[in-house]
Amino acid sequence: MCRVVDLQQAVLAKNDLCAHDLRADLAARGTVVVNLLSSPGSGKTALLEQELLLACRRGVPVAALTADLATENDALRLARSGAPVKQVLTDGLCHLEAGMLAGHLEGWLPEGTRLLFVENVGNLVCPASYDLGESLRVALASVTEGEDKPLKYPTAFGLANLVLVTKTDIAEAVGFDEELFRRHVQQVNPGVPVLLTSARTGEGAGALLDAALAVASGSPVHAPVMARQHPHQHEHGGRPDGHDHGDGHDHGDGHDHGHAHSHATAAAVPTHHS
C-alpha cells in the first residue's frame, strides 16, 4: 500500500515542479493566474462572466480558461464578455493539472494578457491539492451550500488566498448564517479575506477583478497556514485523510465521481463582443 502513497507523492511533486516553471514563465510575460475552485452550481461562471465584462470595459487585458467534464456551455457564456475564452473538456478527469494548463495555454494565450482566470472543474476535492501556477487561489461557496462547507472541505478553503460567498441575494430566503460561515472559514484558514457577491444584484461586483489586479501590481496576498496536502490519500496503512473514498469521490455536489483519468481536449471559443 505504501507504493500507492509514493506514487501519489511523485505525481504531486511533478505537478508542483511544472507549476513553479509555469508561474515563472507567465510572470515573465506579465500574466497573473487566478484559480477559481467551487462546487458545481455555486454561481462561479455567472460571477466570472460579470468580472470579465468589467475587465473588458476597463480595458484590462484578460482571458479565461474554463474546464468541464463535458459541454462548452460555460465557455460560450464567458465569451459574451468579449474576452478571449478557451474551453477544456476533461472527459471525466476531476481536476486540472499544471502540465495540462501549460499545454492548453501554448499558442493560445494572447500576448499582453494581464490576468488569466482559470475556472477549475466543479468540485472541492480533486482540484484542491493541485497547484496550477496561480498567484491567486479563490474558493467560492454559495449561500445555498451550508455554513459548514469550509469544515467539510478544509483543503479547498484552507489553501485559498481569498474566499467569495456567492448568491447573497437569496441569503435571507435560505437562512444563510454569514457570521457562522465566516467563523468556519477562519477556523481552517485564519486571516483569509471573505467577500460577499451576487451576480444578480451586482453586490461585490469588481471585487475579484480588483483583488487580481492588486496581485498583478505586486500587492501581497494572504498566505494560508495550511501545508499543501497530497491528493486522494486513502485510509491505508494508518494514513487517514478524513474521508473515505471507496471507488469514487464526493466532490461537494452531492454526486459520486469515479477516477476516469483521460486526456483532456480543448477548443477556443469565438469571442463575441457586446
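Note that this is a predicted model, so its numbers are computed, not measured.
Under the 4.5 Å side-chain heavy-atom criterion for ILVMFWY residues, no single connected hydrophobic cluster contains both L12 and L17. A continuous path of ILVMFWY side-chain contacts below 4.5 Å connects L96 to W108, so both sit in one hydrophobic cluster. Connection of L132 to L105 is established within a shared hydrophobic cluster, with ILVMFWY side chains joined at heavy-atom distances below 4.5 Å, either directly or through further cluster members. Connection of V188 to L37 is not established within any shared hydrophobic cluster, with ILVMFWY side chains joined at heavy-atom distances below 4.5 Å, either directly or through further cluster members. Residue V165 is grouped with residue V174 when hydrophobic side chains (ILVMFWY) are merged at heavy-atom distances under 4.5 angstrom, including chains of intermediate members.
Between V62 and R114 there is no side-chain heavy-atom pair separated by less than 4.5 Å. Side-chain contact between F117 and L208 is present, with heavy atoms from C-beta onward closer than 4.5 Å. Contact annotation: the side chain of T166 never approaches that of V143 to less than 4.5 Å [non-hydrogen atoms, C-beta and beyond].
The CG atom of L36 sits 8.0 Å away from the CG atom of L47 when rounded to the nearest 0.5 Å. With values rounded to the nearest 0.5 angstrom, L213 atom CG is found 10.5 Å from L136 atom CG. Rounding to the nearest 0.5 Å places CD of Q50 at 12.5 Å from CZ of R200. Here the straight-line distance linking atom NZ of K44 with atom OG of S142 works out to 10.5 Å at 0.5 Å rounding. Rounded to the nearest 0.5 angstrom, L76 CG and E49 CD are separated by 11.0 Å. For the atom pair K149 NZ and L124 CG, the distance stands at 6.0 Å (nearest 0.5 Å).
When all heavy atoms are compared, the tightest approach of L52 to A63 is CD2-O, 4.5 Å. For S129 against T155, the heavy-atom pair with the smallest separation is OG-CG2, 4.2 Å. The minimum heavy-atom distance linking L48 with E119 is given by the pair CD2-CB, 4.2 Å. For the residue pair Q87 and N73, the shortest heavy atom distance occurs at OE1-N, 4.4 Å. Summarising the geometry of A216 relative to V32, their closest heavy-atom pair is CA-CG2, 3.6 Å, with the distance given to 0.1 Å. When all heavy atoms of N161 and S135 are compared, the closest pair comes out as OD1-O, 4.1 Å.
Looking at S198 and E203, their side chains never bring a donor and an acceptor atom within 3.5 Å of each other. Side-chain contact annotation: E106 with H104, donor-acceptor N/O pair under 3.5 Å absent. At a cut-off of 3.5 Å, with distance as the only test, no side-chain donor of S42 or E145 sits close to an acceptor on the other residue. Between the side chains of N15 and D131, not a single donor N or O lies within less than 3.5 Å of an accepting N or O. Counting only N and O atoms by type, the side chains of S219 and S217 include no donor and acceptor under 3.5 Å apart. Defined by atom type and a distance below 3.5 Å, a donor-acceptor pair is present between the side-chain atoms of H222 and N189.
The aromatic rings of F157 and F181 sit perpendicular to each other, their planes meeting at more than 60°, with 30° as the lower class boundary.
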**Study point:** Q186 vs V194, side-chain contact (heavy atoms from CB on, under 4.5 Å): CA-CA, chis, key distance, verdict
**Key:** CA-CA 9 Å; Q186 297 305 316; V194 178; 4.2 Å; yes
**Study point:** Full working for side-chain contact (heavy atoms from CB on, under 4.5 Å) between L116 and L109
**Key:** CA-CA 9 Å; L116 171 64; L109 186 66; 4.1 Å; yes
Practice item. Take L209 and L115 through the side-chain contact (heavy atoms from CB on, under 4.5 Å) test and state the conclusion after the steps. Key: CA-CA 9 Å; L209 176 60; L115 303 175; 3.6 Å; yes
Exercise for review: Could you go through the side-chain contact (heavy atoms from CB on, under 4.5 Å) check for E178 and T168 one step at a time?
Suggested key: CA-CA 10 Å; E178 179 188 337; T168 56; over 6 Å; no
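The backbone N or O of T113 lies less than 3.5 Å from a partner atom in the side chain of T31, making a donor-acceptor pair. In terms of modelled atom types and a separation under 3.5 Å, the side chain of N123 and the main chain of C94 share a donor-acceptor contact. The main-chain N or O of A128 is found under 3.5 Å from a side-chain atom of R137 such that the two form a donor-acceptor pair. In this structure a side-chain-to-backbone donor-acceptor pair under 3.5 Å is present from D177 to L180. When atom types are taken as modelled, the side chain of R23 and the backbone of E134 share a donor-acceptor pair closer than 3.5 angstrom.
With respect to E147 and R183, no salt bridge is recorded, no charged nitrogen being found less than 4.0 Å from a carboxylate O.
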